[in-house]
Amino acid sequence: MFGILVVNITVFASTYYGSGVSDPQFSGPLDQAFHGLVALLFETKFYLLFSFLFGYSFTLQMQSAERAGGNFVPRMLRRQIGLWLFGAFHAIFLFHGDILTTYALLGVVLLSMRNQPQSRLLGLAAWLIIITALAWIVLGTLQLLAGETSDAARVMVQAEAARAAYNGSPATVIAQHMRELPQMLMVLAFLQGPCAFAMFLLGFVAGKDRLFERLEAYQLELRRIRQLGLTVGLAGAFLYALSAVFRPGTGWETLGLGSGILTAPLLACAYGASAMIWFQSGKGKRVAAFLAPAGRMALSNYLLQALVCSLIFTGFGFGLVGQLGLGTACALAVGTFAVQLVASRWWMSSHAYGPLEWLLRAITIAAWPAMRKKAVAQA
């Protein structure tokens, strides 16, 4: 959740994000350093971890339906509809870069494939990553062969128009979200969607094998994943970060993105493996216990992060888009997540679910679950 916030807050901070043109407001060495750091360690990695956990949670939902004696398919279809509605609200009112609607649609595909052999699911996951990465690498190569062309003037006009809209009224903010949705759909279709579904499949297979319940049996594998992921994953991420900071909008950036897509799953898995290994230690167990409440209400925290960013950067609040450097934005991400950790711990001390998790569960089971822990225990 923190990694996703770091990336998303940089999108909120500048309307030049992803445009292929550097924001003239953030061209100093410090901003470039933070841009490179975010690209190296955060971009294209943490939504993959989120996707892995989504796939893993599918198996938990299957187990829950089995324990309740209910039909799994209707439950999951209702859950995907609820998730899509949350995502649509998120995309229209708070953040055009929503991923929940994509998760909802891909979740239906995963539902239809749940009985496929694990080897086939793993093979499909690998091919989705490879084909997506190769497509961007080919595109970058074609850009370089065609020669460098610049459309910076048009991009700057569009970025400044977007900034004016985000600094306007709530109505202009919503209208700008709607204008940017078609471009976001292209990103989802040709980048995030295939990669997210690949991680769905990996998470689903891990869930079927009960990975998190049997960590002690996978220590050697986790260490190998950590070593390979950090070595290869950081190399690909480094190429992407260099190209994004120093050659934006060129074929080099596209090639860098392709290398990043190819290696990001390895780095994301290395992050996850490192956490799982550390969480088995005495200190790690205490840290995991502190982080757990925020994870148990991840949906609520995800949308709350977008709300906080909207209040800071858009006309829903202070309208500071384009006015805060990337270093300041990253500091705000740290502060926001720190508050969420404390607030989540407070909320989950007396509640069985986060607010939106409770509502999503109500949609899933077609009944109103008890919200308070005491009520759940009595039931």
Side-chain angles (χ1 to χ4, degrees), residues 1-11 37-60 83 87 97-100 102-103 106-107 110 121-122 125-126 128-129 132-133 188 191-207 209 211-212 215 218 221-234 236-237 240-241 260-280 284 287-288 291-303 305-306 333-334 337 340-341 344:
M1 292 303 304
F2 174 67
I4 289 172
L5 174 59
V6 169
V7 175
N8 287 352
I9 205 168
T10 61
V11 181
L37 185 66
V38 172
L40 175 66
L41 299 178
F42 294 91
E43 285 185 19
T44 73
K45 289 86 177 176
F46 282 91
Y47 87 92
L48 296 179
L49 271 179
F50 207 38
S51 303
F52 177 90
L53 294 174
F54 184 93
Y56 196 103
S57 72
F58 238 72
T59 64
L60 302 181
L83 194 64
D98 169 73
I99 194 81
L100 297 179
T102 303
Y103 278 16
L106 293 178
L110 180 60
L121 298 180
L122 293 174
L128 282 170
I129 297 295
T132 303
L188 290 170
L191 198 163
Q192 288 187 329
C195 296
F197 190 65
M199 297 304 287
F200 277 16
L201 296 172
L202 292 180
F204 183 78
V205 171
D209 287 343
L211 171 65
F212 294 152
L215 285 175
Y218 288 97
E221 289 81 358
L222 290 173
R223 283 178 167 79
R224 287 174 175 172
I225 290 171
R226 180 178 62 182
Q227 182 177 0
L228 176 64
L230 290 176
T231 303
V232 179
L234 281 175
Y240 169 60
I261 292 170
L262 188 62
T263 59
L266 291 173
L267 186 52
C269 289
Y271 287 166
S274 299
M276 291 302 101
I277 293 170
W278 185 45
F279 289 162
Q280 299 306 298
V287 172
L291 296 174
R296 290 173 57 197
M297 49 186 294
L299 176 61
S300 296
N301 280 324
Y302 175 65
L303 292 180
Q305 289 172 358
V334 172
F337 191 68
Q340 285 190 307
L341 287 176
S344 297

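Computation of the quantities below employed the complete heavy-atom set of this structure, encompassing side-chain atoms and omitting hydrogens, waters and symmetry-equivalent molecules. What you see is a predicted model; the values in this text were computed from it and never measured.
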All pairs passing side-chain hydrogen bond (donor to acceptor under 3.5 Å, both in side chains) where residues 41-60 contributes a residue, at least two apart: Y17-E43, E43-Y240, S51-Y103

Shortest non-hydrogen contact between F279 and G284, atoms and distance: CD2-O, 3.4 Å

Residues which pass side chain to side chain donor-acceptor pair (under 3.5 Å) with R223, listed by chain and number, not counting sequence neighbours: Q219

Atom of V6, atom of I9 and distance for their closest heavy-atom approach: O-CG2, 3.3 Å

N301 versus S344, closest heavy-atom pair with distance: ND2-OG, 3.1 Å

Results of side chain to side chain donor-acceptor pair (under 3.5 Å) for S300 - residues two or more places apart only: E357

Heavy atoms from other residues, nucleotides or ligands near CD of Q227 exceed 12 (cutoff 6.0 Å): no

Pairwise side-chain contact, F212 with L53, heavy-atom cut-off 4.5 Å (strictly under): yes

Contacts of type side chain to side chain donor-acceptor pair (under 3.5 Å), residue Y302, not counting sequence neighbours: none

Sequence-distant partners of Y218, ring-ring contact (aromatic ring centres under 6.0 Å, His included), two or more places apart: none

Qualifying side-chain hydrogen bond (donor to acceptor under 3.5 Å, both in side chains) pairs with a residue from residues 263-275, counting only residues at least two apart or across chains: none

Shortest non-hydrogen contact between T132 and P194, atoms and distance: OG1-CB, 3.3 Å

Verdict with supporting geometry, C195 and I129, side chain to side chain contact (heavy atoms under 4.5 Å, CB included): CA-CA 6 Å; C195 296; I129 297 295; 3.9 Å; yes

Distance (rounded to the nearest 0.5 Å) between L48 CG and C269 SG: 8.5 Å

Qualifying residues under side chain to side chain contact (heavy atoms under 4.5 Å, CB included), relative to L266, sequence neighbours excluded: L228, V232

Residues which pass side chain to side chain contact (heavy atoms under 4.5 Å, CB included) with L188, listed by chain and number, not counting sequence neighbours: I99, T102, M184, L185, Q192

Interatomic distance, Q280 atom CD to L222 atom CG [nearest 0.5 angstrom]: 8.5 Å

T10 side chain near F42 side chain, heavy-atom distance below 4.5 Å: no

Heavy-atom pair with the smallest gap, counting every atom of L41 and F46: O-CE1, 3.4 Å

Contacts of type side chain to side chain donor-acceptor pair (under 3.5 Å), residue N8, not counting sequence neighbours: none

Non-neighbouring partners of A298 that pass side chain to side chain contact (heavy atoms under 4.5 Å, CB included), sequence neighbours left out: M1, F50

Pairwise distance CG(L267) to CG(L40) - rounded to 0.5 angstrom: 8.0 Å

Minimum heavy-atom distance L100-G87, with the two atoms named: CB-CA, 3.7 Å

Residue list, side chain to side chain contact (heavy atoms under 4.5 Å, CB included) with L110, at least two apart or on another chain: F58, F197, F200, L201, F204

Min side-chain heavy-atom separation F337-Q305 under 4.5 Å: yes

Straight-line distance of M276 CE to I225 CD1, nearest 0.5 Å: 11.5 Å

Spatial distance of atom CG (L299) from atom CG (L83) [nearest 0.5 Å]: 6.5 Å

